[in-house]
Asks: 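Dropping a structure here in structure tokens format, bear with me for questions.
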Amino acid sequence: MAKRVGFATRLGAIAAAVGSAVGLGNIWRFPFEAGQNGGGAFIIVYIFCIIVMGIPVILSEFIIGRSTHSNMKAALKRLSPGKKYYLFTYICILGSFVVIGFYSVVCGWIIEYLYQAAIGGLNGHTPQEYNDMFSSLVADPWRCVGWTILFLLLNFLVMSRGIEKGIERVASTMMPMLFVILVIFCINSLLLPGASKGLEFLFYPDFSELTMRGVLDAFGQAFLSLSIGISCLVTYSSYFKDDACLSKDATIVAVLDTLVAILSGVMIFPAVFSFGVEPTAGPRLIFEVLPGIFQQMTGGYFWALLFFLLVFFASLTSTISLSEIPITFMIEEHKLSRPRAILWTSLLTLVLAVLAALSFNVLDDVKVFGKSIFDAMDYAASNVFMLLGGLFTAVYVGWILDRKVVHEQLTNGGRLKGRMEPFLIFCLRYVAPVSIFFIFLYLTGLI
Ligand code: PFF
């Protein structure tokens with residue numbers, strides 16, 4: 001069993017969980033999902049989901065992790081001896097590979113834009129040219145795969161040199177910087193001509209624009225963004241100290257993560273409307289819009305560089321935490337050495353990532369359930385793995401796990417009041433399962 005040490009400080013533990021949560025999900029995916037699903041109404045469903053499912057499932061993962069101080073499989077075996085619930089861990093492992101697979105491609109795009117920003121290539125173009133710039137990147141298999149491999153190599157080096165804690169420390173100072181920069185970009189975006197249309201799109205709820213598929217997307221987005229449903233936070237919280245207040249920490253993670261997502265929306269949508277970009281542009285949305293925002297700013301060259309650098313670090317902390325799911329599992333359950341576990345994880349990810357990168361060019365006619373490989377992985381990650389994983393976690397803690405464990409963890413053995421317990425149990429038992437069940441019935445055409 002690997003030696004387990006607690007986080008040095010309470011802030012360190014929260015910063016690591018926030019580092020995992022804040023990433024491409026907030027900055028790249030949230031704006032385009034909101035754009036494709038009508039804006040305001042999507043955001044209301046998203047926030048509803050964060051409150052009644054997101055926070056309860058974060059807390060559930062914290063309870064499982066801290067009460068056992070072990071990875072998901074060992075935790076489920078310990079909490080439910082003789083039962084087969086631990087098999088769920090394999091779904092988590094599979095889900096984490098799917099997420100890192102398509103994330104690495106987007107991280108590759110971020111490196112390309114960082115490079116373009118450095119050589120001044122993002123300056124002085126029209127919105128159409130920014131559109132073409134992105135199209136030519138994804139159409140070129142060499143560049144697309146090359147950047148993806150470079151990203152995976154960096155991810156591999158960080159983990160195999162054992163400097164992930166260092167990166168997390170760097171990231172926890174960069175995270176506040178990212179926050180400040182987002183605010184600065186939001187202000188710039190809001191000063192663009194026609195910005196108010198973007199705000200209206202983002203905050204005025206037009207429910208006629210929201211489909212049931214949009215509701216599913218909002219739920220999936222919330223789970224992906226909070227890093228829940230595939231046991232990532234179980235691993236993190238297994239290192240938490242016994243005096244951490246779990247409900248407070250879960251709320252802090254959820255609030256900060258949501259704030260970053262909303263700020264990203266406020267940064268992107270006024271510019272979307274001002275530049276005449278389609279809000280439904282999908283995964284290419286931020287890459288078409290951001291260079292235009294930098295261009296309007298004094299010192300745009302440096303802002304662009306700084307922004308992509310910070311997003312790169314935010315992505316790296318997310319992929320490190322994702323990789324840690326299979327790595328910890330291989331080490332603790334299959335007795336692999338850490339270097340071997342890292343190597344296997346990196347190789348498996350590489351295969352998936354290259355397939356996803358090629359699905360924009362060489363493999364663009366290969367369809368999985370009618371979607372490109374990249375889109376299928378993106379969809380499966382959030383709307384299937386994380387959502388169903390979240391459902392399992394909710395049902396497990398709400399219905400199956402001994403209530404004494406829940407009470408112990410929420411009150412730290414009676415030292416805290418644990419006021420959140422009734423809300424938590426109600427959401428886990430009824431709200432989460434019923435909502436997710438109805439969406440699936442609807443999507444499968446049964447209602
Ligand atoms: N929450 C991360 C993001 O928003 O980019 C993605 C993520 C990280 C998902 C870790 C799942 C996970 F286990």
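Atoms within each ligand, like the ligands themselves, are counted from 1 in listed order. As the structure is a prediction and not an experimental result, all values here were calculated from the model.
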Asks: Quick one: which of Phe30, Tyr103, Phe385 has a heavy atom closest to atom 3 (C) of ligand 1?
Replies: Tyr103
Asks: For the aromatic rings, using the six-membered ring if either is Trp, is the centroid distance between Phe426 and Tyr430 under 6.0 Å?
Replies: yes
Asks: Starting from atom 4 (O) of ligand 1, what is the nearest protein heavy atom, named by residue and atom, and what distance separates them?
Replies: Ala21 O, 2.9 Å
Asks: Which protein non-hydrogen atom lies closest to atom 12 (C) of ligand 1, naming both residue and atom, and how far is it?
Replies: Leu322 CD2, 3.3 Å
Asks: Run the numbers for me: atoms of ligand 1, each under 4.0 Å from some heavy atom of Ser321, listed by number.
Replies: 10 (C)
Asks: For atom 9 (C) of ligand 1, grab the closest protein heavy atom and report residue, atom and distance to one decimal in Å.
Replies: Leu224 O, 3.5 Å
Asks: Given side chain to side chain contact (heavy atoms under 4.5 Å, CB included), test Ser382 with Asp378 step by step and report yes or no.
Replies: CA-CA 7 Å; Ser382 52; Asp378 177 315; 4.3 Å; yes
Asks: So is Gly25 polar-close to ligand 1, meaning N/O to N/O under 3.5 Å?
Replies: yes
Asks: Using the rule given for ring pair (Phe, Tyr, Trp, His ring centres under 6.0 Å), can you reason through Phe308 versus Phe294, listing the C-alpha separation, both sets of side-chain angles and the distance that settles it, and then say yes or no?
Replies: CA-CA 11 Å; Phe308 284 116; Phe294 304 140; 5.8 Å; yes
Asks: How are the rings of Phe392 and Tyr85 set to each other: parallel, tilted or perpendicular (split at 30° and 60°)?
Replies: tilted
Asks: Under a 3.5 Å distance rule, please check whether Arg29 uses its side chain to pair with a backbone N or O of Leu24 as donor and acceptor.
Replies: no
Asks: Could you list the atoms of ligand 1 found under 4.0 angstrom from a heavy atom of Leu24?
Replies: 5 (O)
Asks: What atoms of ligand 1 come closer than 4.0 angstrom to any heavy atom of Met386?
Replies: 9 (C), 11 (C)
Asks: Short list, please: which atoms of ligand 1 are under 4.0 Å from a heavy atom of Asn26?
Replies: 4 (O)
Asks: Quick one: sort the Phe62 and Phe240 rings into parallel, tilted or perpendicular, breaks at 30° and 60°.
Replies: perpendicular
Asks: For Ile230, is at least one N or O under 3.5 Å away from an N or O on ligand 1?
Replies: no
Asks: Please say whether Ser20 places an N or O atom under 3.5 Å from an N or O atom belonging to ligand 1.
Replies: yes
Asks: Name the closest protein heavy atom to atom 7 (C) of ligand 1, giving the residue it belongs to and the distance to 0.1 Å.
Replies: Ser227 OG, 3.6 Å
Asks: For atom 13 (F) of ligand 1, what is the nearest protein heavy atom, given as residue, atom name and distance?
Replies: Cys232 CB, 3.0 Å
Asks: Do the rings of Trp109 and Phe287 sit parallel, tilted or perpendicular, given the 30° and 60° boundaries?
Replies: perpendicular
Asks: If we check side chain to side chain contact (heavy atoms under 4.5 Å, CB included) with Leu59, which of these qualifies: Ser237, Cys427, Ser247?
Replies: Ser247
Asks: Within the structure, is a non-hydrogen atom of Arg29 found at a distance of less than 4.0 Å from ligand 1?
Replies: no
Asks: Compare every heavy atom of Glu333 with every heavy atom of Ala74, then report the nearest pair and how far apart it is.
Replies: CB-OE2, 3.5 Å
